2 protein chains.
Amino acid sequence: MQDARDPRTESPPNRSKPRSRRLPREVRERQILDAAVRVFAHHGYHEAAMDEISEVAEISKPMIYAYLGSKEELFVACIRREANRLIESISGAVEADLPPDEQLWRGLRAFFEYAQQNRASWTVLHRQASTQGPHFAAELSAWRRRALDLVTGLLARAEGSGTEEERSTRHERMRPFAAALVGAGESMVDWWIDHPEHTADALSMRLMNLVWMGFGDMVQGRRWKPD
Amino acid sequence: MQDARDPRTESPPNRSKPRSRRLPREVRERQILDAAVRVFAHHGYHEAAMDEISEVAEISKPMIYAYLGSKEELFVACIRREANRLIESISGAVEADLPPDEQLWRGLRAFFEYAQQNRASWTVLHRQASTQGPHFAAELSAWRRRALDLVTGLLARAEGSGTEEERSTRHERMRPFAAALVGAGESMVDWWIDHPEHTADALSMRLMNLVWMGFGDMVQGRRWKPD
DNA sequence: GAGTAGTCTTACTCACGAGTAGGTAATGGA
DNA sequence: TCCATTACCTACTCGTGAGTAAGACTACTC
């Protein structure tokens, strides 16, 4: 069973390069993490062999243990790095002085774009991470919580201002909706993988319509549009 | 965990070997599947040891191999059985002659209730199944497709009728929305596990409001309510 | 050039767990 | 009563893959 997207043979087809020697730790750690993300994304945590990661990273296995620790710690390091990248992408796209629907729209679009341009990263965060052995549970719920807080904040602002206390209870009330929205996005990305003819823009628009207008409006032909 | 034996098979009270019960294959298969669902839900596919499943099922390991085949086949059998149960629960709750919003509402509620009353089953379907080794990919996408078709049908009917062709293109257009809705539900159930103070009814209502009314209506105080 | 700190490797060990060999014992029909 | 069948077991094998021992090579400083 040949696999076209085997991470070992995926990107640079370098046959001539005589395996760069003696690079500083910083560089190696990055190489290892890059390789690990790709391999974890491709096989999942348990099927991913440290031997394969070391092969992809072009470094021997003991170096991984020396720099990043056990397989578990390596996986956690991947989660942490990729979660940071994703969350920064989204929160960077949301400008605080825009109207709430516009903010939401930008956030959604940034999310879909990230998922498109960083497939492996997204796969690790979404699919593999949720395999929750009791181990990475902490790391996992941490990143999930950050994502949820980000979205909850977006939604809470949509309902306008008020006293400190009102804002805080509203924030709480928004949590289940935020969970729903996050899940809707995740699930749409999954669907997207099988229907790559759609653009990030189109999908964000659909999701925006769903959560902002709702089916009740949509069946009557009312649509949400940006700007 | 005490072993509650059938009183009829226990006639002489001083039998020294209560374990050898010699039950028919059908019964054992059910016991094995029940145990497997629990263990898979608890540990995930890879961490789940056949030895533990055999222990929980109160039968020896070779019997599992004799009846259900390999670990992979056992897992597939679990997925298949539990997916059927869930899909029947939902489609049983949706009566075709109700108005579309009411149908959607009943479907959502049935889903949340199933997730609440069959935690292990849901966990296997949702969390563990998505670990997509290339193996159960077929089984997985099959059940996911059935769920998606069910929801897509629900949504497509909400937009009323038309010519055969209109219905079919609309059905296609609804797919990404269905994916979003399914994901929203899944994600809300995850959130629910950490916030068990909410009821299935309350959560279905929230999700119904989100997808039917949308935030645009909700921030203006408009709400959806069941008939 | 000697010492030292950091990079990097080959070639192992060893636990774990899927799957099996090879049997015993109960049941039901002839 | 004998035989076939089916239920059921204990006690193994054996591949795989995480993690390591033990040292080699290189590039600094002093």
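Throughout, a chain's letter reflects where its sequence line sits, starting with A, and its residues are numbered from 1. This structure is a prediction, so every number in the text was calculated from the model and none was measured.
- Between the CD1 atom of A/Ile64 and the C1' atom of C/dT7 there is a distance of 14 Å, rounded to whole Å.
- Side chains of A/Arg173 and A/Thr169 form no contact here, defined as non-hydrogen atoms less than 4.5 Å apart.
- For A/Lys71 against D/dG17, a side-chain-to-base donor-acceptor contact under 3.5 Å is absent.
- Counting to the nearest Å, the P atom of D/dG19 and the CG atom of A/Leu68 are 13 Å from each other.
- When each of D/dC9, C/dG17, D/dT20 is scored by its nearest atom to the side-chain atoms of B/Ile59, the top-ranked nucleotide is D/dC9.
- Considering only side-chain N and O atoms, B/Tyr67 lies under 4.0 angstrom from the phosphate OP1 or OP2 of D/dA7.
- Between A/His43 atom NE2 and D/dT16 atom P there is a gap of 14 Å when expressed in whole angstrom units.
- A/Arg144 and B/Asp194 are not joined by a salt bridge, as no carboxylate oxygen comes within less than 4.0 angstrom of a charged side-chain nitrogen.
- Checked for salt-bridge contact, A/Arg175 and A/Glu172 meet the test: a charged N lies under 4.0 Å from a carboxylate O.
- Summarising the geometry, the separation between CE on B/Met50 and C1' on C/dC16 is reported as 15 Å, rounded to the nearest angstrom.
- Cation-pi geometry between A/Lys71 and A/Tyr45 is satisfied (NZ or CZ under 6.0 Å from the ring centre, within 45° of the ring normal).
- Note: CG (A/Leu23) to P (C/dT9) measures 10 Å, nearest angstrom.
- Proximity note for B/Arg22 (side chain, C-beta onward) versus C/dT7, C/dA25, D/dG19: the nearest is C/dA25.
- With respect to B/Glu29 and B/Arg25, a salt bridge is recorded, a charged nitrogen being found less than 4.0 Å from a carboxylate O.
- Regarding A/Met63, its CE atom lies at a distance of 12 Å from the P atom of C/dT10, rounded to whole Å.
- Distance from the side chain of B/Tyr65 is smallest for C/dA18 among the nucleotides C/dA18, D/dG19, C/dT10.
- One atom, CD of A/Glu47, and another, C1' of C/dG17, lie 14 Å apart when rounded to the nearest Å.
- One interatomic measurement links the two molecules: CG of B/Leu74 to C1' of C/dG19, which rounds to 13 Å at whole-angstrom precision.
- At D/dC8, one or more side-chain N or O atoms of B/Arg28 fall inside 4.0 Å of OP1 or OP2 (strictly under the cut-off).
- A residue-by-residue look at A/Pro62 and B/Ala48 shows that A/Pro62 has its nearest nucleotide of DNA chain C further toward the 5' end.
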